[in-house]
Number of protein chains: 2
Amino acid sequence: MATIAEVARLAGVSPTTVSHALSGRRAVSEETRRRVQEVMDQLGYSPRRAAQNLATGGTRLLGLIVPDISNSFFAELAKGVEEAAIDAGYNMVLCNSAFNHDRELLYLETIRSRAVDGVVYAAGSPTTHREMADSLGSIPVVLVDEEVLGSSTCSFVSDNAEGGRLAAEHLIGLGHTDAVILSMAGLASSDDRAQGFSDAWVSHDLPQPVVIGGDFTYDGGYAALAKAVGPLHDIDFSAVFATNDLMALGAMKRLMEIGLHVPQDVSVVGFDDINIAGMTNPGLTTVRQDVWQLGFRAAEALIASIDTSCPPPAERHVQPVELIVRGTTSLCMTDAD
Amino acid sequence: MATIAEVARLAGVSPTTVSHALSGRRAVSEETRRRVQEVMDQLGYSPRRAAQNLATGGTRLLGLIVPDISNSFFAELAKGVEEAAIDAGYNMVLCNSAFNHDRELLYLETIRSRAVDGVVYAAGSPTTHREMADSLGSIPVVLVDEEVLGSSTCSFVSDNAEGGRLAAEHLIGLGHTDAVILSMAGLASSDDRAQGFSDAWVSHDLPQPVVIGGDFTYDGGYAALAKAVGPLHDIDFSAVFATNDLMALGAMKRLMEIGLHVPQDVSVVGFDDINIAGMTNPGLTTVRQDVWQLGFRAAEALIASIDTSCPPPAERHVQPVELIVRGTTSLCMTDAD
DNA sequence: TTGTACGCGTTATCAT
DNA sequence: ATGATAACGCGTACAA
């Protein structure tokens, strides 16, 4: 391993000058810069990050905490965060909490030890641990997709209530009158979507949709829908609004298993527009949120906060959503009650 | 930020003792350990990673290079790597190359600067850049899923040829005689799968399957299948083997668009068994590889190499695969030629 | 069982 | 435009 001292010696200058030739933070004569560059190339010199970190007090590392990177929603988020990180010369440490408390505590220690300069935190469950909030206090944090630590933290979210409303208006326009909502109770984002849907529904003087709880997963959607159907596979609804796509897909699976066709018998609307929403047959009608953008902007804000040594402004940034109509919704064919 | 010196002062001991009380690498009296622990708790002390890194020469960081974290195959791989990393007290830096050369060069610089102690490298394209190979030489590397740097590097792969054979035997058992293969030419893993399939096919005296090239993506599969059908949507095959699931799904999309039913008209087999393979309708018949395990074992080997300062043994670790029969394959209904 | 002293490789400060 | 020197905070031989 070449050190800065070696480079300096071979180039006949001081380590200080080598450092500045590299960083450009101080004027260096063209002649000197060239000679230094030559020696560096020859030695394949690259400054050691560990030493830079100690000297500067930073790590050029961002932490991204997500509940499940296998959910392509969070994978897309990660790509947005990474892009912003790269643009600013940072790298990204992926922390997949996997809904595991022990794992989260481990990552807290990572944060406490200042292994990263800041954190983008996408919470996956309603319960946020006090330890998390406390530890995060020591370095800048921005919340994405889910607000959990109270209003005092900078957050980037989609317009969830509006998304719920869009889904409802679409189904109402197709003549549906009876709907069920599949939602993960307690998760703010899910609750907001369900509420937006419900509000729009009743504002049209339609019967209040029943809310059925379930995890934010494929299996969660499958199980939730199972709870919605009667013992003889009889249903009293013609539309299903799932507060995320994975749940919607799970629900569709269950519907098909009991012999109900989508969209002929039941229309289904999801939320997120993850990449597989367009791959199913029929394609899933859903509310699209630009999660890449969410991650990108969140990371940008985080980096700005790090670079200026100011905590991220405690603002709530809300991004618009969009209804994507595919094949899982159609005109209501069932008789009105 | 509390330092080790402060803790030492308040506990009335030397920094050395504080260090050892924390690491346990040297005996410390129970009485002293307790007092030190008390002060640390009180100050919320946590040693700074940057300083530890400089002192030890390591970073406790693993790099994971993948072409696309949105592909749940690589997300699952990441989870396996992360698990092994966590178990050994490491964190994982995610490097999503996104098939982008500039991005790869950027990550090379990350590696050269010793920002990570080792790299798990999942190559996503046939062309591997010499710069990559050279830079990786400076720190331990293990290859996963794809062997690109020559046989001198430690690698963990699935039994791709056997997987292709399993797919072929399954289809042959169902009476199929004419198949096409959708493969990403040049990618060793894809080529091996295609070859295994082809070999099994001709060993049954069936006509050699036509290989159609395409990217390892949903769109790639869609486009590849489009190339396989005649201008009047006529086909001369009853079975499709795609060398990954995403391609298979894209191909199915195209098949349905031109009015062909899966599996009634055409049977489809994929490879990987990514999580969405079971979510489609019908579920995708595919060759399962345990990619989590692949990542876990690769990371374990990498960490062992780091901890022992020995380069990873240049072995090729092959993992078994398994055929998962779902709904996209059925008895061949078309007349034999 | 505990302490002293040094080194890790860089950047900031001050001086020239 | 360049150089000398002092941290940065920790781990660890070596000494006691």
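Owing to the predicted nature of the structure, the values given are computational and were not obtained by experimental measurement. Order of the sequence lines fixes the chain letters, A, B, ..., with proteins taken first and strands second; residue numbering starts at 1 for each chain.
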### Task
Would you kindly give the CE-to-C1' distance between Met40(B) and dG9(D), to the nearest whole Å?
15 Å

### Query
Does the side chain of Ser158(A) pick up a donor-acceptor pair with the side chain of Gln319(A) at under 3.5 Å?
no

Every protein N/O within reach of nucleotides 6-10 of chain C N/O, cut-off under 3.5 Å:
{"residue": "dT10(C)", "atom": "OP1", "partner": "Tyr45(A)", "partner atom": "OH", "Å": "2.2"}
{"residue": "dT10(C)", "atom": "OP1", "partner": "Arg48(A)", "partner atom": "N", "Å": "3.4"}
{"residue": "dT10(C)", "atom": "OP2", "partner": "Ile4(A)", "partner atom": "N", "Å": "2.7"}
{"residue": "dT10(C)", "atom": "OP2", "partner": "Tyr45(A)", "partner atom": "OH", "Å": "3.4"}

### Task
Evaluate side-chain contact (heavy atoms from CB on, under 4.5 Å) for Leu94(B) paired with Val66(B), printing each intermediate quantity in order.
CA-CA 8 Å; Leu94(B) 180 64; Val66(B) 297; 4.2 Å; yes

### Message
For a quick test of reading the model, state the closest non-hydrogen atom pair linking Glu146(A) to Val157(A) and the distance between them.
### Response
N-CG1, 4.2 Å

### Query
Contact class for Thr32(B) vs. all strands (heavy atom < 4.0 Å): base, sugar-phosphate, or nothing?
sugar-phosphate

### Task
Before accepting this row, confirm whether a basic side-chain N of the pair Glu83(A)/Lys79(A) lies closer than 4.0 Å to the acidic partner's carboxylate O.
no

### Query
Are side-chain N/O atoms of Thr59(B) and Asn53(B) paired as donor and acceptor at under 3.5 Å?
no

### Task
Would you indicate what Thr16(A) reaches in the nucleic acid, counting non-hydrogen atoms under 4.0 angstrom: base, sugar-phosphate, or nothing?
base

Mind listing the N/O atom pairs, protein and nucleotides 14-16 of chain D, below 3.5 Å?
none

### Query
What pair of heavy atoms forms the shortest contact from Asp117(A) to Ile139(A), and how long is it?
O-CB, 4.0 Å

### Query
Going by atom types only, do Thr16(B) and Ser19(B) share a side-chain donor-acceptor pair under 3.5 Å?
no

### Task
Determine whether the side chains of Glu104(A) and Asn100(A) contain a donor N or O and an acceptor N or O closer than 3.5 Å.
no

#### Entry: Side-chain donor-acceptor contact under 3.5 Å, Ser46(B) with Glu109(A)
yes

### Task
Could you work out which one of dG3(D), dT2(D), dT1(C) sits closest to the side chain of Ser29(B)?
dT1(C)

### Query
Nearest-Å distance, CZ (Arg49(B)) to C1' (dC10(D))?
13 Å

### Summary
Rounded to 10°, the helix from dT1(C)-dA16(D) to dT16(C)-dA1(D) deviates from straight, judged by its five-pair end axes, by 30°

### Atom of Leu61(B), atom of Tyr90(B) and distance for their closest heavy-atom approach
N-CD2, 3.6 Å

### Task
Select from His20(A) and Arg33(B) the residue whose nearest nucleotide in DNA chain C is closer to the 5' end of that strand.
Arg33(B)

### Message
Taking only side-chain N and O atoms of Thr17(A), does any of them lie within less than 4.0 angstrom of OP1 or OP2 on dG3(D)?
### Response
yes

### Query
Could you state the CZ-C1' distance from Arg25(B) to dC10(D), rounded to the nearest angstrom?
13 Å

### Query
Which whole-number value in Å describes the distance from Arg114(A) CZ to dC8(D) P?
15 Å

### Message
Just the rounded figure in Å: distance from C1' of dG9(D) to CG of Leu43(B).
### Response
15 Å

### Query
According to a strict under-4.0 Å criterion, is Thr56(A) in side-chain N/O contact with OP1 or OP2 of dT11(C)?
no

### Expected output: side-chain Thr56(B) to main-chain Gln52(B) donor-acceptor under 3.5 Å
yes

